[in-house]
Amino acid sequence: MNVLVIAPYEVKYLKTIEALEKLKYGKISIIGDYNIIDDLVKKNRIKIKTNVINISLEEDILLYTREYAKEYIKDSTNNIILFGNISEVFIRKILNVEYRNEFNDYYVVDMPNLRHFVFLSNSTHRHFEIEEKKKSIVSLHKFMSTLGIRKANVCLITNNSSKSDTLEFNLMRMVLSDELRKNINILKPSRLNDIFSMSNEFNIYDSMINMLVFKNRDMTKTFVDTLSTLSNYRVGNICEMNNQLFVNGANIKDEENIMFSLLLINKSIKSKKHIVKYAV
């Protein structure tokens, strides 16, 4: 895989590049202000062999990427973009996306006391939008499938059990087709504290829950940010747009979690190639 790193002006990005080089992950390209990068590398004793394409202004980075690095955007089967210290506005411009809600964010949580990953998506913007939640669940399940996880056991997270939660639960089961129901199992709504309690009859450990669906984007983001800040769990954050996967490092705590995200994308892309190869 080829990795394009844009504006890596924090130690976590440079340590990621160092780790990628050691793993011989693939061709790495770096675009950014050479002086800032060189200063960080020297101060933190980071060893990087990849040359830096010295461009400092976001507008110039945008022009260069569109002109000379456009294969990273067009060919998502061999290329991954890691965005560093660059504004979201310019990320959208580079990817030619007008609105933020055209992105899906997939979160993958690796909890040491669980034998499986936990997946979340924050593409749902409003409360009780059944069709939007359905799209979010189906999209995330497709990503899970590329990682070899065929069955999604989905738990709808609620604050308090109510009639509206029961209604949402029943509607979700209705809108998912019979074909999808074979691989997507909508479990009863539950409180977050309850599913992580071993004393609770219905919990994440015994029920094999591997997808959590919160009420909306903000609640999902709050949960993920809390895990990233207060725990040592690995939390991958993979962005998806028109079936292209990329990483926005601004949302990721450190180099370990950035590497985790890149490795997940790598596995997903290889799986898609395998499927295409044997489908022909």
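Keep in mind it's a predicted model, so treat the numbers as computed, not measured.
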Self-check item: Inter- and intrachain pairs under ring-ring contact (aromatic ring centres under 6.0 Å, His included), touching residues 14-44, at least two apart
Solution: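 Passing the test, one end in residues 14-44: no pairs.
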Practice problem: With sequence neighbours excluded, give me every ring-ring contact (aromatic ring centres under 6.0 Å, His included) pair touching residues 225-270. | Solution: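 Those involving residues 225-270 are Phe83-Phe246, Phe103-Phe246, Phe117-Phe260.
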[X] side chain to [Y] backbone, donor-acceptor under 3.5 Å:
X	Y	value
Arg217	Ser121	no
His141	Ile149	no
Asn153	Met208	yes
Asn203	Tyr205	yes
Asn266	Leu262	no

Is there side-chain contact between [X] and [Y], with heavy atoms separated by less than 4.5 Å?
X	Y	answer
Ile81	Thr65	no
Phe119	Leu212	no
Val247	Ile252	yes
Lys151	Asn185	yes
Val235	Val224	yes
Val154	Ile184	yes

Taking all atoms of both residues into account, what is the closest heavy-atom pair of [X] and [Y], and its distance?
X	Y	result
Ile46	Val41	O-CG1, 2.8 Å
Ser190	Ile195	CB-CG2, 3.5 Å
Arg150	Ser145	NH1-O, 3.2 Å
Leu147	Leu264	CD2-O, 3.5 Å
Gly32	Val52	O-CG1, 3.7 Å
Asn104	Ser139	ND2-OG, 3.5 Å

Residues that [X] engages under ring pair (Phe, Tyr, Trp, His ring centres under 6.0 Å), provided they are two or more places apart:
X	result
Phe196	none
Phe223	Phe214
Phe90	none

Exercise. Return each pair, listed once, that meets salt bridge (Lys or Arg N to Asp or Glu O under 4.0 Å) where at least one residue sits in residues 35-45; pairs must be two or more places apart or across chains.
Key: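 Of all non-adjacent pairs touching residues 35-45, those that pass salt bridge (Lys or Arg N to Asp or Glu O under 4.0 Å) are Asp38-Lys42, Asp39-Lys43.
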Quiz item: Any side-chain donor paired with an acceptor under 3.5 Å for Thr146 and Ser271?
Solution: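 No - no donor-acceptor pair under 3.5 Å links their side chains.
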Exercise. Hey, could you give me the CG/CG distance between Leu114 and Asn210, rounded to the nearest 0.5 Å?
Key: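 With rounding to 0.5 Å, CG (Leu114) is 10.0 Å from CG (Asn210).
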Exercise. Kindly state each residue pair satisfying side chain to side chain donor-acceptor pair (under 3.5 Å) with at least one member in residues 9-21, sequence neighbours excluded.
Key: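 Residue pairs with at least one partner in residues 9-21: Glu10-Asn85, Glu21-Thr50.
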Exercise. Could you note down all residue pairs passing side chain to side chain donor-acceptor pair (under 3.5 Å) where residues 252-262 supplies at least one of them, sequence neighbours left out?
Key: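 Every pair satisfying side chain to side chain donor-acceptor pair (under 3.5 Å) with a residue in residues 252-262: Asp254-Asn257.
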Quiz item: With sequence neighbours excluded, what pairs up with Asn200 under the side chain to side chain contact (heavy atoms under 4.5 Å, CB included) test?
Solution: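 Partners of Asn200 under the side chain to side chain contact (heavy atoms under 4.5 Å, CB included) test: Asp194, Ser197, Phe202.
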Quiz item: Mind checking what makes side chain to side chain contact (heavy atoms under 4.5 Å, CB included) contact with Asn193, not counting sequence neighbours?
Solution: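 Partners of Asn193 by the side chain to side chain contact (heavy atoms under 4.5 Å, CB included) criterion come out as none, since no residue qualifies.
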Quiz item: When you look at CG of Asn44, are more than 12 heavy atoms from neighbouring residues, nucleotides or ligands closer to it than 6.0 Å?
Solution: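 Counting neighbours around CG of Asn44, more than 12 heavy atoms of other residues, nucleotides or ligands fall under 6.0 Å, so yes.
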Self-check item: Under the side chain to side chain donor-acceptor pair (under 3.5 Å) test, residues paired with Asn2 that sit two or more places apart
Solution: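 So Asn2 forms a side chain to side chain donor-acceptor pair (under 3.5 Å) with Asn79.
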Self-check item: Contacts of Asp110 that satisfy side chain to side chain donor-acceptor pair (under 3.5 Å) - sequence neighbours left out
Solution: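 Asp110 satisfies side chain to side chain donor-acceptor pair (under 3.5 Å) with Arg234 only.
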